[in-house]
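Structure, as structure tokens:
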Amino acid sequence: MTPEDPASAAQGEWSRPFRAHWVGTVPYGRALRLQESLVERRRRGEVPDTLLLLEHPPVITLGRNARPEHVLLEPEEAVRLGVEIHVAGRGGGVTYHGPGQLVGYPILALPPGRRDVHRYLRDLEEVLLRVARHYGVPAQREPGLTGVWVGGRKLAALGVRLCRGWITCHGFAFNVGADLGGFRWIVPCGIRDRGVTSLSLETGLPLEPRALAPRVARAFAEVFGQAKSQQAWRICA
């Protein structure tokens, strides 16, 4: 049985290799199609566990719990500004993606011992907490809320989907760059009394998503206990 075979997850082992890909800037619709393809290929054992890391052009997405009034941008204005609006199949509410934000889409075959959506969310939070703390940012969880926070401001948002066969898709959005102007177009995750922040604002450093991607991939491998093969990290066109 090869490490790429999702049936190997029946052993409860997380020492199998995974691949992390920096994909660049990808329109949201294309990223959805890529995830759908990888989920099917992962289910058939054609690819290993995979972490896609990328940026999106400006886009507002609505999760399964989204309320339309939490989108503050009128459709005509969105068209004028070149901001796409998509209904997403993930959990959570309304969120914004744009340049300067590192988006991660893990395509994982969860083993039986970890088939718990709440544990999976906490594991994703732990990945981003470790990255933030590496840069000296005192990030933390907030009781009753999902995501990663600094002083009551959201640093990273999560919205996931568990597909048939316990294959994951969607994932997290980590605010890296200093420009958070796009968040004025939404009520992030339906929370009106909390602000947003970024790693650049918290550290005073001009950080960029691509430079941060290897650090996120390493933290992901640590938290999920996955061994990185020699080709686990590579740049994809």
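Along the sequence shown, the residues carry numbers beginning at 1.
Taken together through direct or relayed side-chain contacts under 4.5 Å among Ile, Leu, Val, Met, Phe, Trp and Tyr, Val79 and Ile186 form parts of separate hydrophobic clusters. Grouping the Ile, Leu, Val, Met, Phe, Trp and Tyr side chains by contacts below 4.5 angstrom, directly or via other members, places Leu205 with Leu102.
No side-chain heavy atom of Leu51 sits less than 4.5 Å from a side-chain heavy atom of Tyr105. Looking only at side-chain heavy atoms (C-beta outward), Ser200 and Asp179 stay at 4.5 Å or farther from each other. Pro58 is not listed as a side-chain neighbour of Leu81, based on a closest heavy-atom distance of 4.5 Å or more. You'll find the side chain of Ile60 stays beyond 4.5 Å of the side chain of Glu84, heavy atoms only. Trp166 is not listed as a side-chain neighbour of Leu108, based on a closest heavy-atom distance of 4.5 Å or more. Inter-residue side-chain proximity for Val83 and Val59 is flagged as unmet; no heavy-atom pair is nearer than 4.5 Å. Side-chain contact between Phe174 and Val148 is absent, with no heavy atoms from C-beta onward closer than 4.5 Å. With contacts defined as side-chain heavy-atom distances shorter than 4.5 Å, the pair Asn175/Thr197 does not qualify.
Once rounded to the nearest 0.5 Å, the distance linking CD of Glu125 with CG of Leu145 reads 9.5 Å. Put simply, CD1 on Ile107 and NE2 on His21 are 10.0 Å apart, with the number rounded to the nearest 0.5 Å. Expressed to the nearest 0.5 Å, how far CZ of Arg80 lies from CD of Glu76 amounts to 11.5 Å. Here the CH2-CG distance, from Trp22 to Leu53, works out to 7.5 Å after rounding to the nearest 0.5 Å. With rounding to the nearest 0.5 angstrom, the SG atom of Cys163 is 8.5 Å from the CD atom of Gln35. Summarising the geometry, atom CG belonging to Leu52 is positioned 5.0 Å from atom CG belonging to Leu34; distances are rounded to the nearest 0.5 Å.
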Open item on the list: Would Val223 and Leu124 count as a side chain to side chain contact (heavy atoms under 4.5 Å, CB included) here? Give the steps.
Closed with: CA-CA 8 Å; Val223 170; Leu124 290 179; over 6 Å; no
Task: side chain to side chain contact (heavy atoms under 4.5 Å, CB included) evaluation trace for Ile167 with Leu162 - done: CA-CA 6 Å; Ile167 310 295; Leu162 296 179; over 6 Å; no
- [ ] Mind running side chain to side chain contact (heavy atoms under 4.5 Å, CB included) on Val160 and Phe172 for me, showing each step along the way?
- [x] CA-CA 8 Å; Val160 304; Phe172 59 83; over 6 Å; no
- [ ] Please test Thr168 against Leu110 for side chain to side chain contact (heavy atoms under 4.5 Å, CB included), starting from the C-alpha separation and ending with a verdict.
- [x] CA-CA 8 Å; Thr168 70; Leu110 295 180; 3.8 Å; yes
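A donor-acceptor pair is defined here as one N or O able to donate and one able to accept, closer than 3.5 Å; no such pair exists between the side chain of Thr95 and the backbone of Gly93. The closest donor-acceptor contact from the side chain of Arg43 to the backbone of Arg164 lies under 3.5 Å. Distance alone, capped at 3.5 Å, is enough to place a donor-acceptor pair between the Gln101 side chain and the Tyr96 backbone. Although no hydrogens or angles enter the test, the distance criterion places no donor-acceptor pair under 3.5 Å between the side chain of Glu55 and the main chain of Gly24. In this structure a side-chain-to-backbone donor-acceptor pair under 3.5 Å is present from Arg184 to Gly181. Side-chain atoms of Arg90 come within 3.5 Å of backbone atoms of Thr61 as a donor-acceptor pair (strictly under, hydrogens ignored).
Within a 6.0 Å radius of CD in Glu208, no more than 12 heavy atoms belonging to other residues, nucleotides or ligands are found. For Arg133, the CZ atom sits in a packed shell: over 12 heavy atoms of surrounding residues, nucleotides or ligands are nearer than 6.0 Å.
Scanning all heavy atoms of the two residues, the minimum distance from Ala173 to His97 falls at CB-CE1, 3.5 Å. Here the closest non-hydrogen pair linking Ala31 and His56 is CB-CE1, 3.5 Å. Nearest heavy atom pair, residue Val127 against residue Ala219, reads O-CB, 3.7 Å. Ala109 and Asp49 make their closest contact through N-OD1, 3.0 Å (heavy atoms, listed as atom of the first residue, atom of the second, distance). In this structure, Gly89 and Arg161 approach most closely via the heavy-atom pair O-CD, 3.4 Å. Contact between His170 and Pro106 at its shortest, heavy atoms only, is O-CD, 3.0 Å.
For the 3.5 Å distance criterion, the side chains of Arg141 and Thr146 fail to qualify, holding no donor opposite an acceptor.
Using cut-offs of 30° and 60° for the angle between ring planes, the His86 and Tyr28 rings count as tilted.
With ring centers used as reference points, Phe18 lies under 6.0 Å from Phe220.
Salt bridge status for Arg130 with Glu126: present, with a side-chain N to carboxylate O gap under 4.0 Å. The residues Arg33 and Glu36 are annotated as not salt-bridged, no charged nitrogen and carboxylate oxygen being separated by less than 4.0 angstrom.
The side chain to side chain contact (heavy atoms under 4.5 Å, CB included) with Ser198 is formed by just one residue from the set Val176, Val150, Leu180; it is Leu180.
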